[in-house]
Amino acid sequence: MKKKMSSARKAAESTLKHEDLVDAIEKLGKSKGLDVEATEGNDKRGDIRVSKKDFEKLMVIISDKLK
């Protein structure tokens, strides 16, 4: 029988997946020349800072990548 994953392990894995996603979005945006960067710590603006002029472009790029 497989041992059930602890809450702490689930939280740790979730955090790592989240960090990987933030890094991937930052890398994708920068590769397209957009003004985007991951924030640090508990930034009240969220995990990714994107310039207003590049926000819609980034959303399109992410959407296309997910398809």
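Everything quoted here is computed from the prediction, not taken from an experiment.
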Crowding at NZ, K53 (>12 non-hydrogen neighbours, <6.0 Å): yes
So which atom in H18 and which in D47 form the shortest heavy-atom distance, rounded to 0.1 Å? NE2-OD2, 2.9 Å
NZ of K30 to CG of L58, rounded to nearest 0.5 Å, is 12.5 Å
Under 3.5 Å, side chain of S31 to main-chain N/O of L28, donor-acceptor pair present? yes
If we ignore hydrogens and angles and just use 3.5 Å, is the side chain of E37 paired with the main-chain N or O of R49 as donor and acceptor? no
Out of curiosity, T15 OG1 to D20 CG, how far, rounded to the nearest 0.5 Å? 11.0 Å
When you measure from the side chain of D54 to the backbone N and O of D35, does any donor-acceptor pair fall under 3.5 Å? yes
When you compare the side chain of L34 with that of V50, does any pair of heavy atoms fall below 4.5 Å? no
Taking V60 as the starting point, is it possible to reach I62 by hopping between hydrophobic residues whose side chains are less than 4.5 Å apart? no
Pair E13 + K17: basic N to acidic O under 4.0 Å: no
Which residues satisfy the side-chain hydrogen bond (donor to acceptor under 3.5 Å, both in side chains) test with T39, sequence neighbours excluded? none
Could you give the distance from NZ (K4) to CZ (R9), rounded to the nearest 0.5 Å? 14.5 Å
Note: V22 and A38 closest approach over all heavy atoms is CG1-CB, 3.7 Å
Do side-chain atoms of S14 reach the backbone of K10 as a donor and acceptor pair under 3.5 angstrom? no
